[in-house]
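Each remark here refers to the structure printed beneath this line.
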Number of protein chains: 2
Amino acid sequence: MREASLPKLSQARQELRRQQILQAAMRCFVRNGMGRTSVADITAESGLSAGSIYTHFASKAEIVQATAQDLLERRLTALAGFVGEARLPSPAQLLRHLADGISRDEARVGLQAWGEATTDPVMCGNVVATTDGMRDAIAAHCEVWLVAVKGHEASVARSRAAGLAAQLMAVYQGLIVRKALFGTTDAADETFIADAADRFA
Amino acid sequence: MREASLPKLSQARQELRRQQILQAAMRCFVRNGMGRTSVADITAESGLSAGSIYTHFASKAEIVQATAQDLLERRLTALAGFVGEARLPSPAQLLRHLADGISRDEARVGLQAWGEATTDPVMCGNVVATTDGMRDAIAAHCEVWLVAVKGHEASVARSRAAGLAAQLMAVYQGLIVRKALFGTTDAADETFIADAADRFA
DNA sequence: GTCTATAGTGCGATAGAC
DNA sequence: GTCTATCGCACTATAGAC
């Protein structure tokens, strides 16, 4: 890597190109899936050329991994931002926010990423790490909430929060499946969330 | 289709070949994923030839769909069998049975199928239909359980059962993600199930 | 019905001009 | 850094012998 020879401004431009490519890839993946999207598809969608793309990514697999990684990190930072606010939302509100915060397109590509992760160790590692990060953030928040709102003792709150976070993550993942494949934001989803909210309140 | 010209015995043999191919495909998908598995891989794994395989399936896509369909139907019939017994299991026991009844390999290919379903309408329809079937079976069972064990009134039980079934399905789907990518049957999973069991008891 | 062999196609990645 | 052009490969699906 000879990054030192590049002018400093180009680092920002490189990041811009990178995002341009990843966003084009995202649109292609929504349309045709990660497996059936060719590099030619991404060049057409991005308006760039194959040669250009291969200066920013070493392979198609790297584009796929980076797209998934960006998607995962957006979800993690969105969660961190939400629990970082002073509002101290309940687990039920947290679940609703998680469910509402993801678009159907994101849910679709997320499912594709899970599928890829079953056979791509790099991607599996990324998914596991980010998912653990989300679960830990949820657990930390639930622990605070259990103490502050529910008046639990600290040690009890800690162990309850761990189990609660794991369940919230499982429901969240199930909601992603539902949003991607069933495409609902219909009444059933609303009652589902409301019902689950009672259960986790 | 000229099925009439075949001797009657061969119908059973055809089904046998079909299963032989699908089981070989399943092993390939576990190893390399649906996208990266070639027909040549399936011929090698099954011990058959390409020509033979194409007399049983019109395309690779059809093999992929059939594999997923078989997997989905196995889960649905397993569920139907479990709730069909006279034991009247609680929702918590149902969840545990659902979680334990799927192998990691099945979970992996299930995730791949979800990913494919995001861009393949045929597969999406199969997944949605089977998932709805499972949810309906769970709802019907929960309704009976709510009346018989919890003493709920019929109309209350019906509406509660619908929400409960949707949540159980979401948790179940989350558990599939977990089993496929995290590969756990560790202590965390046990406490998770036990904890969720309390919640759904 | 099953085999071998191959036709035909589309892909990922690179070379070299600018 | 980006383009055009293309190489070489791997793949799906079929043809024809048995």
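Chain identifiers are assigned alphabetically (A, B, ...) following the order of the sequence lines, protein sequences preceding nucleic acid strands; residue numbering begins at 1 within each chain.
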Which of dA5(C), dT2(C), dG1(C) is nearest the side chain of Ala50(B)? It is dA5(C)
How close or far is atom C1' of dT2(D) from atom CD of Gln20(A), stated in whole angstroms?
12 Å
At under 4.0 Å, does any side-chain N or O of His56(A) touch on OP1 or OP2 of dT2(D)?
yes
Compare the minimum distances between each of dT14(C), dC11(D), dC11(C) and the side chain of Tyr54(A), then state the nucleotide with the smallest one.
dT14(C)
Anything under 3.5 Å between a donor and an acceptor, one on a side chain of residues 164-172 of chain A, the other on a protein residue two or more places apart or in another chain? List them.
{"from": "Gln167(A)", "atom 1": "OE1", "to": "Arg199(B)", "atom 2": "NE", "distance (Å)": "2.7"}
{"from": "Gln167(A)", "atom 1": "NE2", "to": "Gly163(A)", "atom 2": "O", "distance (Å)": "3.2"}
{"from": "Gln167(A)", "atom 1": "NE2", "to": "Asp195(B)", "atom 2": "OD2", "distance (Å)": "2.7"}
{"from": "Tyr172(A)", "atom 1": "OH", "to": "Arg75(A)", "atom 2": "NE", "distance (Å)": "3.4"}

Name the nucleic acid region contacted by Thr37(A), choosing base, sugar-phosphate or nothing; use a 4.0 angstrom heavy-atom cut-off, strictly under.
sugar-phosphate
Do Glu73(B) and Gln69(B) get their side chains close enough for a donor-acceptor pair, meaning under 3.5 Å?
yes
Listed nucleotide nearest any side-chain atom of Arg17(B), set dT12(D), dG12(C), dT2(C):
dT2(C)
Between Gln11(B) and Glu15(B), a side-chain donor and acceptor under 3.5 Å:
no
Any idea which of dC3(C), dG12(C), dA13(C) is nearest the Ser52(B) side chain?
dC3(C)
Give one of base, sugar-phosphate or nothing for Thr55(B), where a contact means two heavy atoms less than 4.0 Å apart.
base
Please give, in whole Å, the distance from dT12(D) C1' to Arg36(A) CZ?
13 Å
Considering only dG12(C), dA13(D), dA5(D), which nucleotide approaches the side chain of Lys60(B) most closely?
dA13(D)
Taking the side chain of Gln14(B) as its heavy atoms from C-beta onward, which of dG1(D), dT12(D), dG1(C) lies nearest to it?
dG1(C)
Could you check how far CZ of Arg18(B) sits from P of dG1(C), rounded to whole Å?
14 Å
Using atom CZ of Arg13(A) as one end and atom C1' of dT2(D) as the other, report the distance to the nearest whole Å.
13 Å
Could you state the CZ-P distance from Phe57(A) to dG1(D), rounded to the nearest angstrom?
14 Å
CG of Leu48(B) versus P of dA13(D): gap in Å, rounded?
17 Å
Show me the donor-acceptor pairs within less than 3.5 Å that the side chains of residues 25-34 of chain A make with the rest of the protein, sequence neighbours left out.
{"from": "Arg27(A)", "atom 1": "NE", "to": "Glu45(A)", "atom 2": "OE2", "distance (Å)": "2.6"}
{"from": "Arg31(A)", "atom 1": "NH2", "to": "Glu45(A)", "atom 2": "OE1", "distance (Å)": "2.7"}

Closer than 4.0 angstrom, basic N to acidic O: yes or no for Glu153(A) and Arg160(A)?
no
CD1 of Ile53(A) versus C1' of dC11(C): gap in Å, rounded?
14 Å
Atom CD1 of Ile42(A) and atom P of dA13(C) are separated, to the nearest Å, by 11 Å
Side chain of Ser49(B) only, heavy atoms from C-beta on: which candidate in dC11(D), dC3(C), dC11(C) is closest?
dC3(C)
